[in-house]
Amino acid sequence: MPSATKRIPAFELSVVSRHITYRKRGTALSLAAIALAVAVSLTFVALQDGLQEFLFNIIVDDLPHVTVTPKDGDDYIHLYKSLIEWAWSIPGVVAVSPGLGTTATFTHKDNVENVEMLGVDPVEMDKIYNIAKYVTDGDLNSIHGGKRVVICRKLAERLKINPGETVVASFPDARPAGLVVSGIFDAPTGWPEDIALVSLSTARDFLNEGDVVSSVDIKLKDVYLADAAARRLNDLGYKAESWQQLYPEILRTLAIEGFQNILIILLIMIIAAFGIGSVMYMLVNEKTSEIGMLMALGATGRMIRDIFLLESGILGLMGGVAGAVLGLIFCLYLKSQVINMSSAGGQQVTLPVIISPWNFAVIVLTAALLSVIAGAYPAWKASRLDPVEAING
Amino acid sequence: MHEVTLGMNGTTEDIIVLRDLSKVYKDGVEVLALDRINLDIAAGEFVAIVGPSGSGKSTLLNMVGLLDTPTSGQILLKGIDVSRASPNERARLRNKELGFVFQYHHLIPEFTALENVMMPMLIAGKKESEARVRARELLVSVGLGERMDNRPNQLSGGQSQRVAVARALVNGPSIVIGDELTGNLDTKSSQLIYDLLRDLNKRINQTFILVTHDMVLAEKTDRIIRIVDGRIVCEMRRQGDEFVASEKCDLGEDGGEIRRD
């Protein structure tokens, strides 16, 4: 008895290709269901990826990737210059920004406000927080000159002070001094409103603590190297934390969102695959007597099963490819759109759309796979038909 | 290959031998559809199986056609016991050794006449070019040389049935089985089909077993087997223009007469 040898399923494929080409309505229905699901999924993923990257960039681009703070029990980081040298020796470092914070009381005419005064290197600080673009009146670099301060707009409003005017700063441990307001900035989202930026030396003058800083912020080219960089500084005896440690909710939020997206897409595609499953089920019912005849002609149950599995898979793949083309058109269209924001300022934005070939491949193949799974029951049912009963309908 | 086992009276000349073949349907009530059937059919015979509806003649045909399995007894196909063959083995034998023509042609509507005839060869895994040549020859020989590229819905009932006959013959089967194959045709088309089968029977010594209740057709064959209640009650063979009942013919049980429906 000859064993069942592997062969190209020419017979099965010929039946499948005729079903697909001659049964236009069933084919169109199956393809439309899958294509639409794939197109919608791809567009959704492209928008979500774009949005995630957009949010990620906002958050991570304007944050220090590693922050060094005083050791437990200390108020300040002493000998910070060697720390800065160490920091610059880490590969991929793009900015190292020391900061010296203290509280002060600002007085202008009758207005008194408590402020967080931060001594910074304006150039390095801007590389980390991108703060210069928020300075609307004046210039952040002006604090280099000393005895100058750049303050938050809300604080300026409360003090009723204008650029060029002098505010009197008083401290617990130093004599009051006048600071010229050389710039006003709009606080970025998440920043406190009582911030005043001065030069490191100005801050130091008021503090009488010598050559110290209270924090060193570090920015890296690759944000995911932050953990390694923080570990290296910890090994050197500093207290350094990466952004992942300082803001774990960022990654958690992205992970949850990513999972939700996968779930939604999977559900959309399962629903579409059910479309193929029911078209196949109807096809098997309609073709019962032909299936019986094919069995009489010598087709094995396996051949019959393969016909309907192949058909499901091919329809899924064709629908998937059509959906990928459709999805690409959607994505390119959305990407080209300029949306006028209705809010004040009337900014124009483009949608953040990320078209990833990887997503296309995964979604199209998933659609094909789910279609085969959906076709499995009708295919199994067809393969188990009794030829005599099937022929007689 | 199977070891060749011969039936009691079976010779290698006998293409099909049935030994004590019984079939019981247990669908709620037990129905004895076939009751210890013994039958030998030799190569080149042209046999009609007749009998009232529900007599078991179609069941018998399905057994011979390896579409159904017996409850007990043996089916020897070319001397080999196939009564317990696996579904895949039965499928292979149906493909290779058997041809089927049913009351409805059951041509696949998406395929042309030619492609329908090629189908059993493609199922066997034969080359498409080879199948095309063979199918073309057969369609010419059933008189449909001009309709090869027509699809079933462009063919008349008689033409479709001739395509079905060509399809049954394409793999060179040992037996062609016909179940009421002219049941759906007018007299003229039936006559054409009969002439075709008779011609094939003579020309290539093709064995035919036809189930029919059309006595006009049955009387054109060489051997008539009458089944009632799952038993062979009468068997007649042609001798010249006459049919002679064999000793097996139990005339009493069946009224002793072949009725013309």
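Fair warning: this is a prediction, and the values are worked out from it, not measured in the lab. Lettering of chains follows the sequences in order, A, B, ..., and the numbering in each one begins at 1.
No other option in A/Ala296, A/Pro387, A/Ala299, A/Gly292 has as many heavy-atom pairs under 4.5 Å with chain B as A/Ala296. Heavy-atom pairs under 4.5 Å with chain A were tallied for B/Glu110, B/Glu128, B/Met121; the largest tally goes to B/Glu110.
In the displayed structure, A/Phe54 atom CZ is contacted under 6.0 Å by at most 12 heavy atoms of other residues, nucleotides or ligands. Around CZ of B/Phe46, the count of heavy atoms belonging to other residues, nucleotides or ligands within 6.0 Å exceeds 12. Within 6.0 Å of CD on B/Gln154 lie more than 12 heavy atoms contributed by other residues, nucleotides or ligands.
The side-chain heavy atoms of A/Met295 and B/Arg90, taken from C-beta on, include no pair separated by under 4.5 Å. Residues A/Val388 and B/Thr59 fail the side-chain proximity criterion, which asks for heavy atoms closer than 4.5 Å.
Contact annotation for residues 269-288 of chain A against chain B (heavy-atom separation below 4.5 Å, listed by residue number): A/Lys287. Heavy-atom neighbours of chain B within the stretch residues 16-23 of chain A, taken at a separation under 4.5 angstrom, comprise A/Arg18, A/His19, A/Tyr22, A/Arg23. Inspection of non-hydrogen atoms places B/Phe100, B/Phe102 of residues 96-103 of chain B under 4.5 Å from chain A.
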Evaluation steps, side-chain contact (heavy atoms from CB on, under 4.5 Å), between A/Leu294 and B/Ile108 = CA-CA 9 Å; A/Leu294 287 174; B/Ile108 314 296; 4.2 Å; yes
Trace of the side-chain contact (heavy atoms from CB on, under 4.5 Å) decision for A/Leu297 with B/Arg94 = CA-CA 6 Å; A/Leu297 297 178; B/Arg94 285 198 297 267; over 6 Å; no
Verdict with supporting geometry, A/Met293 and B/Met119, side-chain contact (heavy atoms from CB on, under 4.5 Å) = CA-CA 11 Å; A/Met293 190 64 218; B/Met119 198 75 68; over 6 Å; no
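Remark: B/Asn95 pairs with B/Pro120, B/Ile123, B/Ala124, B/Asn171 by the side chain to side chain contact (heavy atoms under 4.5 Å, CB included) rule, at least two apart or across chains.
B/Glu115 touches chain A through its side chain: at least one heavy atom from C-beta onward sits under 4.5 Å away, while N, CA, C and O do not. Interface remark: B/Phe111 contributes backbone and side-chain atoms alike to the contact with chain A (heavy atom separation under 4.5 Å).
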